[in-house]
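Remarks on the structure that follows.
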Amino acid sequence: MTFKDLGLRDETLRALEDLGFENPTPIQAESIPQLLSEERDLVGLAQTGTGKTAAFGLPLIEKIDFSKKIVQGVVIAPTRELGIQIAEDFKKYTKYIKGASIATIYGGASIETQAREVKRGAQIVVATPGRLNDMIRRNMVKLNQVKVAILDEADEMLNMGFKEDIDTILDQTPDEKNVWLFSATMPKEVARIAKTYMVDPIEVTVGTKNAANTDIHHVYYTINDRNRYYALKRMLDFHPDIYGLIFCRTKRLTQEIADKLMKDGYSAAPLHGDLSQSQRDHAMKKFRDKTVQILVATDVAARGIDVNDITHVIHYNLPEEVENYNHRSGRTGRAGKKGQSISFASGKELRRIKAIERVIKLEIEHATIPSGKEVCEKQLFALIDNVKNVKVKEEEIGKFLPAINEQLADFSKEDLIKHFVSAEFNHFLEYYDGARDLNSSVSDRDREKADRGDRKARMTDDSKQRFHITVGTDAGLNKGAILRIVCQFSDISSSEVGRIDLFREFSFFDVDKKYADQVLNGMADADFNGENFKIQLAKSNGGGSGHSSRSGGGNRRSRGGSNNGGGNRRREKSSFSNNRGGSSNGGNRDRDSRRRRR
Ligand code: AMP
């Protein structure tokens, strides 16, 4: 079936051609002919991503007399973002229709400007309920000539407490109008609206009622609450090409997680209701343009997001309302593409996972958080892919090549590959060296014990010097952070660092004796998170020379150099991969800036 078969006016067909819409989606094919042939009410059960905007927009446009400058159609949507999106779509559909005018009405922007837009002769008004009500009260909009009233994402509007606003708005419209209601789910409250305002509505369902899209793979990971953020980072590292949405429970947490991710070098931005409209627009623009890979959002703020290629939706916290799981997940797996919906659940949240499974009528697969080694492998091959596919800018790089070739003349191809990969990748390997298992079935204590045993096993002689530092776990120190600090300040490779023992207020670590002075001098003015601490030789000496079993990647200075170049370059490109050898308490950027200050 084509759009022509549906009986749309020529101007609309031309506009659809421009948009590249060839065939109607199932919901369009089902609803458009029925709505055009009769004056009927309609209830559409459909997720976003099914083409529902055109399913109601195109028949609405057919019913409007664009020679008249009065409001004949009203669309109500839960958020400004969604309202703007719908209005923009309508403007595209009507671009060849003479005199067509669409007004967009939402809070947080000038009410006078919006009133002027209506007054200029808008035939269709797309609005959020609160502001529309306000404008009706102030006589800025009249709905007494409305032929069709459309409620989009009705379940969400009711969740957001717009029940009374909707009632008041619909009361302003003529009795003989038609109501077309779209909703992803059909809770009692939506059914009540349908019953109150509609007569014998056509029912259109895309997919099964309340069922999730089968293009989405649903997985969950069991974690301890305190590891939630680390589990998130691990998943992001495991998916270097992610273009994703992360949902958090509150506005505050949304901001906090976005801040932490940005600090840790990820390409992320927050989206929540405490931001100004222009900040939200800016975040959305960056996400749409793909200059930002990850949007951290609240449920409400994410309602209007209409982006097609989202690869992953991550539920940092499970949704408060089980039904919202579908809304969130429906942001991926759109337009026939595959997507993944990832949840993190602590032990006490497992019951919620079961409740969600009942609603979506699909199993959410339990999966294991990848190990540090698996993440490294994934990142390494992403790097190799990047090398294979990178666009070589011959002109710019050409002038440096003779000198570079001369410097590398003695390297074989194998050595060159080894060196380039190591230069780019060593810091990442170090960060994940000995990384903890974040799956909650293995306790942290067991893991720590295993780590210690492993390090002990690698140390068998007494060629090590043991150091004592006056900073410990109370200050947030962990093994990775010690490795980073030692390497950064004393200019040795992490492979020279042996056993590490952490206590609440102090810690010990071993380094090969030949570096003892270098470490003592280098770390004399070292700091951890901006706090200075003292270092001294420990009374009891360290273990052995196990470091020989670990291959190291050159000295720290050369690594630091490659971090600056490689990390930043990649960050600019789009992917955030590999530029965060450290956690928030010692990421590369922190380390580099600290070094520059010294
Ligand atoms: P919606 O469910 O209205 O948010 O639409 C999801 C996406 O599908 C939007 O990006 C639309 O532009 C696109 N779309 C809608 N209808 C069609 C169609 N018939 N052919 C191709 N793309 C479509």
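The shown structure was predicted, so the numbers you read here are calculated from the model rather than taken from an experiment.
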Note to self: Test side-chain contact (heavy atoms from CB on, under 4.5 Å) on Leu477 and Ile485; report intermediate values, then the result.
What the structure shows: CA-CA 10 Å; Leu477 194 72; Ile485 296 170; 3.9 Å; yes

Quick check: does any side chain N or O of [X] sit under 3.5 Å from a backbone N or O of [Y], one acting as donor and the other as acceptor?
X: Asn532; Y: Ala526; result: yes
X: Ser276; Y: Gln279; result: yes
X: Asp415; Y: Phe411; result: no
X: Thr298; Y: Lys251; result: no
X: Lys464; Y: Val511; result: no
X: Gln293; Y: Ile242; result: yes
X: Gln379; Y: Cys376; result: no
X: Ser507; Y: Ile469; result: no
X: Gln465; Y: Ala516; result: no

Within the 4.5 Å heavy-atom criterion, are [X] and [Y] side-chain neighbours or not?
X: Tyr220; Y: Leu350; result: yes
X: Val296; Y: Leu261; result: yes
X: Phe287; Y: Leu271; result: no
X: Val486; Y: Ile492; result: yes
X: Arg331; Y: Val307; result: no

Item checked: Stepwise side-chain contact (heavy atoms from CB on, under 4.5 Å) test for Leu236 and Ile294 -> CA-CA 9 Å; Leu236 296 178; Ile294 304 161; 3.8 Å; yes

Margin query: What verdict does the ring-ring contact (aromatic ring centres under 6.0 Å, His included) test give for Tyr229 and Tyr316, after you've listed the backbone C-alpha separation in whole Å, the side-chain angles of each residue and the deciding distance to 0.1 Å?
Written below: CA-CA 8 Å; Tyr229 178 68; Tyr316 187 75; 7.1 Å; no

Should the heavy atoms of other residues, nucleotides or ligands under 6.0 Å from [atom1] of [X] be counted, would the total exceed 12?
X: Phe420; atom1: CZ; result: no
X: His468; atom1: NE2; result: yes
X: Phe381; atom1: CZ; result: no

Notebook entry, point to check: Step by step, would you call His217 with Lys338 a side-chain contact (heavy atoms from CB on, under 4.5 Å)?
Noted result: CA-CA 8 Å; His217 178 210; Lys338 299 281 176 204; over 6 Å; no

Margin query: Cation-pi check for Tyr266 against Lys233: NZ or CZ below 6.0 Å from the six-membered ring centre and within 45 degrees of the axis, yes or no?
Written below: no

Notebook entry, point to check: Taking the inter-plane angle between the rings of Phe503 and Phe508 on a 0 to 90° scale, is it parallel (under 30°), tilted (30 to 60°) or perpendicular (over 60°)?
Noted result: perpendicular

Notebook entry, point to check: Given the rule in the salt bridge (charged side-chain N to carboxylate O under 4.0 Å, His left out) test, do Asp501 and Arg466 qualify, once you have shown the distances and angles that lead to the verdict?
Noted result: CA-CA 10 Å; Asp501 289 309; Arg466 171 151 272 229; 2.9 Å; yes

Check: Are the ring centres of Tyr325 and His218 closer than 6.0 Å?
Finding: yes

Check: Under 6.0 Å between ring centres, would you say that holds for Phe506 and Phe533?
Finding: no

Check: Going through the checks in order, is the salt bridge (charged side-chain N to carboxylate O under 4.0 Å, His left out) test met by Asp299 and Arg249?
Finding: CA-CA 8 Å; Asp299 286 284; Arg249 189 170 296 143; over 6 Å; no

Whether the [X] and [Y] side chains hold a donor-acceptor pair (N or O, under 3.5 Å, no angle test) is what I'd like checked.
X: Asn324; Y: Glu320; value: no
X: His315; Y: Ser341; value: yes
X: Asn227; Y: Tyr221; value: no
X: His366; Y: Thr222; value: yes

Item checked: The single option from Arg288, Arg280, Lys285 passing salt bridge (Lys or Arg N to Asp or Glu O under 4.0 Å) against Glu81 -> Arg280

Next item on the list: Give the intermediate values and the outcome of side-chain contact (heavy atoms from CB on, under 4.5 Å) for residues Ile246 and Val313.
Entry: CA-CA 6 Å; Ile246 299 174; Val313 166; over 6 Å; no

Notebook entry, point to check: Between Glu349 and Arg228, does a salt bridge (charged side-chain N to carboxylate O under 4.0 Å, His left out) hold up when you go through it step by step?
Noted result: CA-CA 13 Å; Glu349 288 174 321; Arg228 203 176 282 267; 3.0 Å; yes

Check: Going through the distances and angles, do Asp289 and Lys286 end up as a salt bridge (charged side-chain N to carboxylate O under 4.0 Å, His left out)?
Finding: CA-CA 5 Å; Asp289 295 349; Lys286 284 198 296 187; over 6 Å; no

